[in-house]
Amino acid sequence: MMDVVRYERDGAVAVITVANPPVNALGHAVRQGLWSAIDRFAEDDAQIAVILGEGKLFIGGADISEFGKPPREPFLPDVCTHIERAQKPVIAAVHGPALGGGCEVALGAHYRLAMKGARFGFPEVKLGLVPGAGGSQRMPRLTGVGPALEIMPAGGSVSAEEALAIGLVDRLAEGDVHQAGLDYARELLEQGAPVRPVGTMPHPAFDEEAFANARDVWARKSRGEVAPLKAIDAVELSTRMDIDEGIAAERRLFLELMETPQRAGLIHAFFNDREVAKLPELRGITPREVARVGVIGGGTMGAGIATSCLLSGLRVTLIERDTEAAEKARATITSNLDGAVKRGKLAAERRDPVLAMLSTETDYDALSTADLAIEAVFEDMGVKKEVFKKLDAVMKPGAILATNTSYLDVNEIASAISRPSDVIGLHFFSPAHVMKLLEVVVADATAGDVTATAFALAKRLGKVAVRAGVCDGFIGNRILSTYRGAADRMILEGASPWEIDAAIKAFGLPMGPFEMGDLAGLDIGYMTRQRKAATRDPRDVVPTWGDEMYHKGWLGQKTGRGYYTYEGRKGVPNEEVTPLIEAARGNRPQRRFSAEDIQRRYMAAMVNEGAKVVAEGIARRPLDVDVTLLYGYGFPRWRGGPMLWADREGLAGLLADIKAWSKDDPYFWQPAPLLEQLVSEGRTFADLNKENGQ
Ligand code: 3H9
């Protein structure tokens, strides 16, 4: 086995290299290796040491796969202190990301050299943690509390240049990191530079206003998430404790958070983000080349898709029906790009070159050289088939024909043309240049390399792709329509839309279902109900008050009135909805719902439908459902996803509740057979994830 930490000599310089692919995570062997390397450095006649990371990163942090298992010595805080206590100078030479524990190792060193392209970050809060190896104690000693309060509660990072400006690093260099490290070491030797432990530097000043501001901001932003506020507490410790005491107190916070369900939820989400793209059907399959993309339809969705492609360096040809519509689409895309500049996602000077990659056309012939076309036209089977026939006629052999439909049958669309194996669903979420989710809808005839291309494209666009099968609504919208149904039923039984919204927000979602409806436009729900009317089971419940609201022109934010009335974007409950609801309730028995009752029913509906979606193969594993809800529907990341939530709550109790509710409403609350099976076998959704892994 290769050593994960190498110790080599170059004259008077000891070169300590962390080589633990893929990200040089600080697993047990690396911690041991670093400890031994520092011991060896103490014993031999090297006069200065340089720590390097091999590969793309300096060090990607603690080894996340060890979290939740019993910790093994040496612990990382002790490793960092061991480095700091070396009697001869130690340099960290950082060429790529130094994250979490990686940054902490660099802070344990006496000098820090950053190559252009290096980044220094503390992503711990994104895993439900705070820095746990002295980061919150050492960084403020170098930079003051301000920068630490910017970065740590946000899980943020700074570039090499910014790190230099705030005093986190001592020197910036370009070129080969190994050479630059040696040069810096020799320079320091010549100067007779002493050891310079960060831990013995004076306390950073306590800045009352900075802490009050940070707490205020994060109390609002974190929506139930505990780690960001704890990160602020950790930084505060540095203003009054000496280093050993501070590290011990920081460690206690870290270990406390390690035991929380939030930490487990966030790590579940971290691994799922990667697991979701691991599909046996993609193994060994080479994706097709995609450089030129066609987008058909320049409405909000089409323009968003085009923007997303342009931002990722793809050439885009957008087709609209006439010049006026094409110009309008161009204006929307331009404004999207301006928004990206404002949000810091696109450098201002890149905006015009990116826009130059767009051409807007009215003739499908312009797509003859496109590698992939994505249609985002009106949701109507006839219209879609028409578009696909035109694409079939002009596109080159091997090109991929994708539909952005959110519920139509992709098999039927594919069957309308001569090359069904090139057809796939690419279901973007609005706004498509912002939302991270992409449902990749694989139809019966879709070729394996077309699916592989969709996953490769998603990665390029910075999106998270989830494989979905064909059904009405695929994974996300199908589950959404079920939990929306649960909300409507609770209204009929006595809950108000505003109580439901409040309970769902208290659970951690950014918006409740009715606020969401107002934002999206209540006409969408109306159209969906109309579409489903012909095939609706007579036992189903229809929110008739919603139809009345539509007919009154109460369409939500865009008309200033829906479940809320709006002045700007802030809404207050529209009490005029109440009589409409009361009429719909008729003489049904009414009851009170607590916030917990609401959350449990809403979640049970989500999980029950999730289980059906998995059993039918629409989603491959429960984790695919979790990822879909996280990235497309605002499900709180710190809860990991609905299926993880269900495992935690206990599947047996959930099933018992569903069965109890089904006594009043046997149509809606039909227990998912998979849920029944798991309960009877004493298994969980997590077990299914494991069994269906790579
Ligand atoms: C911490 O440091 C706590 C300390 O303060 C205190 C400790 C006492 N561990 O993302 P990729 C795997 S908290 C284990 O596809 P990229 C990942 O699962 C930690 N495994 O690559 C994947 O495996 P697979 C703070 C890890 O180039 C493979 O590596 N650090 C870790 O797109 C490639 O990953 C973080 O939070 C890890 N730390 O992005 C950093 N990191 O191939 C988390 C990755 O089997 N990591 N893996 O699916 C990241 O943000 C990204 O992975 C990174 C690379 C930017 C590093």
Side-chain angles (χ1 to χ4, degrees), residues 4 18 20-31 34-35 53 55-82 94-108 117-139 148 151-152 154-157 227 230-231 234-235 247-248 250-258 263-264 266-279 282-283 436 455-456 458-460 462-465 623 627 637 689 693-694:
V4 289
V18 178
N20 185 30
V23 301
N24 293 335
L26 294 156
H28 181 240
V30 174
R31 297 197 303 276
L34 278 170
W35 189 282
K56 274 198 312 192
L57 284 91
F58 173 65
I59 294 173
D63 185 338
I64 301 172
S65 63
E66 288 182 355
F67 290 178
K69 298 178 188 159
R72 289 206 288 162
E73 289 187 340
F75 304 138
L76 192 57
D78 300 333
V79 173
C80 296
T81 300
H82 195 49
V94 179
H95 68 294
L99 301 175
C103 210
E104 291 172 309
V105 166
L107 284 164
R119 276 204 92 77
F120 297 82
F122 285 98
E124 284 87 344
V125 293
K126 295 188 175 161
L127 303 171
L129 296 167
V130 292
S136 66
Q137 306 306 296
R138 291 195 176 95
M139 179 177 168
I151 295 176
M152 288 179 191
S157 65
K230 295 280 183 193
V235 174
I247 289 179
E250 179 207 62
R251 179 85 177 159
R252 280 195 294 277
L253 277 180
F254 176 83
L255 292 175
E256 212 177 273
L257 288 168
M258 190 62 97
R263 192 276 303 160
L266 286 161
I267 284 175
H268 176 80
F270 175 85
F271 284 115
N272 284 354
D273 285 351
R274 287 148 185 89
E275 212 54 38
V276 74
K278 293 180 187 164
L279 302 174
L282 301 185
R283 221 174 287 151
K436 297 266 279 181
F455 274 83
K459 198 167 170 116
R460 174 146 191 197
K463 305 220 178 282
V464 178
L623 72 85
V627 172
R637 187 172 173 85
N689 284 334
Q694 269 259 79

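For ligands, and for the atoms within them, numbers begin at 1 and follow the listed sequence. From a predicted model like this one, the values you see are computed outputs, not experimental measurements.
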Looking at every non-hydrogen atom in both residues, tell me the closest pair between [X] and [Y] and how far apart they are.
X	Y	result
I151	M139	CD1-CE, 3.7 Å
G132	P77	O-CG, 3.3 Å
R263	L127	CG-O, 3.3 Å
P131	F254	C-CD1, 4.3 Å
H28	E73	NE2-O, 2.8 Å
L129	A227	O-CB, 3.7 Å

Regarding [atom]: of the candidates [options], which has the closest heavy atom?
atom	options	result
atom 4 (C) of ligand 1	E104, E66, R119	E104
atom 38 (N) of ligand 1	G55, A62, P71, G135	A62
atom 35 (C) of ligand 1	G61, P123, G128	P123

Could you tell me which atoms of ligand 1, counted from 1 in the order shown, lie closer than 4.0 angstrom to a heavy atom of [X]?
X	answer
P131	5 (O)
L127	13 (S), 19 (C), 36 (O)
L57	56 (C)
K56	27 (O)
G100	2 (O)

Does any N or O of ligand 1 fall below 3.5 Å from an N or O anywhere on [X], backbone included?
X	result
G132	yes
E124	yes
A25	no
G101	yes

Nearest-neighbour protein heavy atom for [atom], which is reported as residue plus atom name and distance:
atom	value
atom 22 (C) of ligand 1	R274 CD, 4.0 Å
atom 48 (O) of ligand 1	K278 NZ, 2.8 Å
atom 55 (C) of ligand 1	L99 CD1, 4.1 Å
atom 31 (C) of ligand 1	V23 CG2, 3.6 Å
atom 30 (N) of ligand 1	G60 O, 2.9 Å
atom 20 (N) of ligand 1	D63 OD1, 4.3 Å
atom 32 (O) of ligand 1	K459 NZ, 4.9 Å
atom 29 (O) of ligand 1	P22 CG, 3.3 Å

Check R637 with D273, please: is the shortest side-chain N to carboxylate O separation under 4.0 Å? yes
Note: K278-E275 ion pair, threshold 4.0 Å (strictly below): yes
Answer with side chain, backbone, both or neither: which part of [X] has a heavy atom less than 4.0 angstrom from an atom of ligand 1?
X	value
L26	neither
R251	side chain
F75	neither

So, does [X] sit close enough to ligand 1 that a heavy atom of it is under 4.0 Å from the ligand?
X	result
E275	no
F122	no
K126	no
F270	yes
P97	no

Does the protein put a heavy atom under 4.0 Å from atom 52 (O) of ligand 1? yes
If you scan the protein for heavy atoms around atom 7 (C) of ligand 1, do you find one that is closer than 4.0 Å? yes
Could you walk me through whether S136 and F122 pass the side chain to side chain contact (heavy atoms under 4.5 Å, CB included) test, one step at a time? CA-CA 9 Å; S136 66; F122 285 98; over 6 Å; no
Test side chain to side chain contact (heavy atoms under 4.5 Å, CB included) applied to F271 and I64, step by step: CA-CA 9 Å; F271 284 115; I64 301 172; 3.6 Å; yes
Residues E124, L257; criterion side chain to side chain contact (heavy atoms under 4.5 Å, CB included); working and verdict: CA-CA 11 Å; E124 284 87 344; L257 288 168; over 6 Å; no
Quick one: are V30 and I59 in side-chain contact, heavy atoms under 4.5 Å? no
Any donor-acceptor pair under 3.5 Å from N20 side chain to V4 backbone: no
For the pair R138 and C80, evaluate side chain to side chain contact (heavy atoms under 4.5 Å, CB included) and give the outcome as yes or no after the intermediate values. CA-CA 11 Å; R138 291 195 176 95; C80 296; 3.8 Å; yes
